[in-house]
Structures are given as C-alpha cells and as structure tokens.
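All ligand and atom numbering here is 1-based and tracks the order in the structure. Index from 1, following the sequence.
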Amino acid sequence: MTDLTTTYLGITLKNPLVPSASPLSRNLDTAVRLEDAGAAALVMYSLFEEELRAEEAMMDRFLVHGELGHGEADSYLPDHGTYRSGLDAYLEQLRHLKEHLEIPVVASLNGVSMSGWVELGQELEQAGANAIELNVYHIAADALQTGTAVEDRYVDLLRKLRASISIPIAMKLSPFFSSLPHFVKRLEDEGASGVALFNRFYQPDIDLEQRSMVDSLQLSTPDEVLLRLRWLAILRDQTRISLAATGGVYSAWDALKMLLAGADVVHLASSLLRHGPGRLSQVLAGMQLWMEENEYESVQQLKGSMSLGKLADRSTVVRESYIRVLNHFTPPPGVDF
Ligand SMILES: Cc1cc2nc3c(=O)[nH]c(=O)nc-3n(C[C@H](O)[C@H](O)[C@H](O)COP(=O)(O)O)c2cc1C
C-alpha cells in the first residue's frame, strides 16, 4: 500500500492534494464534496483587507450621522442587531467548515498595508484555523519603490502576524522577486512555516472597440506548471520550510511533477472550478497508480527527488539548459526558415 502522507506547515496530511483559496470553500456542501473526493486539507477563500476597510468606513459614516441625530438619515442606519460584517461572515464560515470537516482548514488573509488588519489573525486562530495563508497581492507599480521595499512589506506583515498568533503561517508569493531563494530564506528566518508558489496575477485585457481596459479572469492551464517546477527544484534544498505548488495542476502527472521537483503539497483551484470537486479523486487515483507502477512506496520518497539538490552552481545549470534548448529548436512541420 502506497504511503501518501506528507507534512505541510508541520501538519501531517493524508495526501498532498489541497484545494487552494477559491470560491469552492464558500459553500459547505462543496467543501464536504472536496473532502469526500480525498482533499487532505482546505484553504479558504481570502478575507480581503479592502472589504474590511470599506465596511469600517461605511459603519463610521452611519455612526457619525446617527450621532448627529438627523431624523430621516437615522432610518438608513443598519440594524446593529442584524448587521453582519465581512469578518463575522468569514469567521462563521470558518467555524462551519471546522465543524463539518475532519481535514485541517487554512484561513487566508489578503492585503498589503500595515494598519491593523493582520491582527485579525487572532480571531481566525480562535475560530479554529489550523494555519493562515497570508497573500500579499502587491504589484510594484511605482518607479520610486525599490525591490527591498517590496520585500520589506511582506516581511513586516509576516512579523506582525507572527507576533499575534501561534498557528503556522504560509506566505503566498508572486514569482517576481529578484532573488527568490534569498527572499524565502528571509521569510523562514522571520518565522514563516511555508511558502505557496505562485500567485497568479490577473491581467486586464484591452477592448479594441471600446478602447477600455477589461478585467479578465482566465482559469489557468497546465502550461503554468513549468514555472513552478523550476522554482521548486531550485528552492527545495535551500530551505527547511514547506513548499506548496499552486498553478496549473489538472492531472496526476502535473501533481507528481510538482512533488518530484520539491513540493510538500499540491494546490488545485482552476481544475476543480472547471471540472468540479470530483476531479480531485481522479488526480489522487492517478498518482497512486503511477506510484505503484513505478515502485514508489511513499510520497516522502518521491518528494524533491528531482530537485537541483545542493548544487553550488544552480544558476549555471539553469543557464546551460537555456542555451541547450535554444540551440536545439526545430521549426514545426511545414514551416521553413
Ligand atoms: C475564481 C478564483 C478565485 C480565487 N480566489 C483566491 C483568493 O480568494 N485568495 C487567494 O489567495 N487566491 C485565490 N485564487 C488563486 C488560487 O488559489 C490559485 O493560487 C491560482 O488560481 C493558481 O492555481 P490554479 O492554477 O490551480 O487555479 C483564486 C483563483 C480563482 C480562479
């Protein structure tokens, strides 16, 4: 019998497949279906800093106007007895998930500024979160902001959250750091228990007719696995913290490659959104079959066995393979040049 267990953020999981933050966790029935399909843990959709701020501002406005005692305006006041903030709704969903699921639940905080919201981590911990994923979804779009300042933003938020909770923290990162291994080491030193690689940045398109920017959310494709494989393989032996792979996993083969490169867990979102929760059991069954056929006894044996190891000259190895692929390019059939 193949041993599929893995350790993520210091938590033992029955297998490496974990649905990542997405609307799938908004619905209790869907979460239960994911557990039934074999999910080993569940990352909740994010609680966004901006949602909380908007709500705070709205409450302030109502309360100030209320105190001024404008008769008609008073009728617009929310009923404080029934008013439920985004935070309350999130905590309630977390409690529901904890009540109905046996698998660990990871809460997700998503924001970029330092003023106060990360302290909500305490409430998530008290509501039963087994860990927190902190997603600092930040685009460095200011020519005056240095790379170090971008990194400091992540580290400051991590430090603040680390000081206020005792459960493990995973940082969800973008691929756009000048020296990812150095940055991951910094996060490890500051108390992160893991990193999730990588955030996908949703890229607006241009509508040529209207000449306007159009928000577009494209689900991922398996091509996105390659970027993750590269960085997992580079990072695996340079850090002791957990590595989660997120992006492009649709099949057992995608998941197996992530593990071979060095992931401790493999996240799925787009494939489950596209094909439904049952997709997870197909990926799991395919992994198990492949491992049996290839005589792997455990996920432990598989994990990181194709990382770049402790090679001193990783950059040279990567550069050599870059030159090799360029030099061996052949045009597609029927194309002459
Ligand atoms: C519809 C949708 C909603 C998402 N919501 C969140 C979110 O709330 N917080 C977050 O950190 N990531 C969120 N993500 C990103 C996913 O968790 C995941 O990291 C990303 O989609 C890459 O994985 P995939 O290729 O398996 O989709 C969302 C993705 C999708 C498609």
Next item on the list: Taking R228 for its side chain and M258 for its backbone only, find out whether a donor-acceptor pair lies under 3.5 Å.
Entry: no

Next item on the list: State whether the number of non-hydrogen atoms from other residues, nucleotides or ligands found under 6.0 Å of K185 atom NZ is greater than 12.
Entry: no

Margin query: Give me the residue, atom name and distance of the protein heavy atom closest to atom 14 (N) of ligand 1.
Written below: A21 O, 3.1 Å

Notebook entry, point to check: Is the Y90-Y45 ring centre distance short of 6.0 angstrom?
Noted result: yes

Note to self: Counting neighbours of CD1 on I206 that are heavy atoms of other residues, nucleotides or ligands and sit closer than 6.0 Å, is the number greater than 12?
What the structure shows: no

Checklist line | Any N or O of L217 closer than 3.5 Å to N or O of ligand 1 | finding: no

Check: Can you tell me if R200 has a non-hydrogen atom under 4.0 Å from ligand 1?
Finding: yes

Next item on the list: Inspect the surroundings of CE in M213 and state if more than 12 heavy atoms from other residues, nucleotides or ligands are less than 6.0 Å away.
Entry: yes

Next item on the list: Verify the distance criterion only: is there a donor paired with an acceptor across the side chains of R274 and Y250 at less than 3.5 Å?
Entry: yes

Checklist line | Residue portion contacting ligand 1 (non-hydrogen atoms closer than 4.0 Å) for L268 | finding: backbone

Margin query: Considering both backbone and side-chain atoms of F198, is one of its nitrogen or oxygen atoms within less than 3.5 Å of a nitrogen or oxygen in ligand 1?
Written below: no

Item checked: N or O contact, S20 vs ligand 1, cut-off under 3.5 Å -> yes

Notebook entry, point to check: Among side-chain atoms of H182 and Q238, is any donor-acceptor pair under 3.5 angstrom?
Noted result: no

Next item on the list: State whether the shortest distance between N or O atoms of S220 and N or O atoms of ligand 1 falls below 3.5 angstrom.
Entry: yes

Notebook entry, point to check: Counting heavy atoms only, which part of L273 comes closer than 4.0 Å to ligand 1: side chain, backbone, both or neither?
Noted result: side chain

Check: Has ligand 1 got any nitrogen or oxygen that is less than 3.5 angstrom from a nitrogen or oxygen of Y45?
Finding: no

Item checked: atom 26 (O) of ligand 1: nearest protein contact (heavy atom, Å) -> A269 N, 2.9 Å

Next item on the list: For atom 29 (C) of ligand 1, find the nearest protein heavy atom and state the residue, atom name and distance (0.1 Å precision).
Entry: Y202 OH, 3.2 Å

Notebook entry, point to check: Counting heavy atoms only, which part of L219 comes closer than 4.0 Å to ligand 1: side chain, backbone, both or neither?
Noted result: side chain

Check: Which protein heavy atom lies closest to atom 9 (N) of ligand 1, and at what distance to 0.1 Å?
Finding: S46 OG, 2.6 Å

Notebook entry, point to check: What is the nearest protein non-hydrogen atom to atom 12 (N) of ligand 1, stated with its residue, atom name and distance?
Noted result: K172 NZ, 3.1 Å

Note to self: How far is atom 2 (C) of ligand 1 from the closest protein heavy atom, and which atom is that?
What the structure shows: P23 CD, 3.8 Å

Margin query: Testing the 3.5 Å rule here: is there a donor-acceptor pair between the side chains of S307 and D237?
Written below: yes

Item checked: Atom CD of Q145: over 12 foreign heavy atoms under 6.0 Å -> yes

Margin query: Taking atom CZ as the centre, does R230 end up with more than 12 heavy-atom neighbours from other residues, nucleotides or ligands that are less than 6.0 angstrom away?
Written below: no

Item checked: Heavy-atom nearest neighbour of atom 11 (O) of ligand 1 within options V266, V249, D254, N135 -> N135

Notebook entry, point to check: For ligand 1, which atoms, with element, lie under 4.0 Å from some heavy atom of G248?
Noted result: 24 (P), 25 (O)

Next item on the list: Could you check atom 18 (C) of ligand 1 against the protein and tell me its nearest heavy-atom contact, residue, atom and distance included?
Entry: T246 OG1, 3.3 Å

Notebook entry, point to check: Just distances here: any N/O of S22 and N/O of ligand 1 closer than 3.5 Å?
Noted result: no

Next item on the list: Answer yes or no: are there more than 12 heavy-atom neighbours, outside D215 itself, under 6.0 Å from its atom CG?
Entry: no

Note to self: Under a plain distance cut-off of 3.5 Å, with no hydrogens placed, do Q300 and T6 share a side-chain donor-acceptor pair?
What the structure shows: no

Check: Identify the closest protein heavy atom to atom 27 (O) of ligand 1: which residue and atom is it, and at what distance?
Finding: S270 OG, 2.6 Å

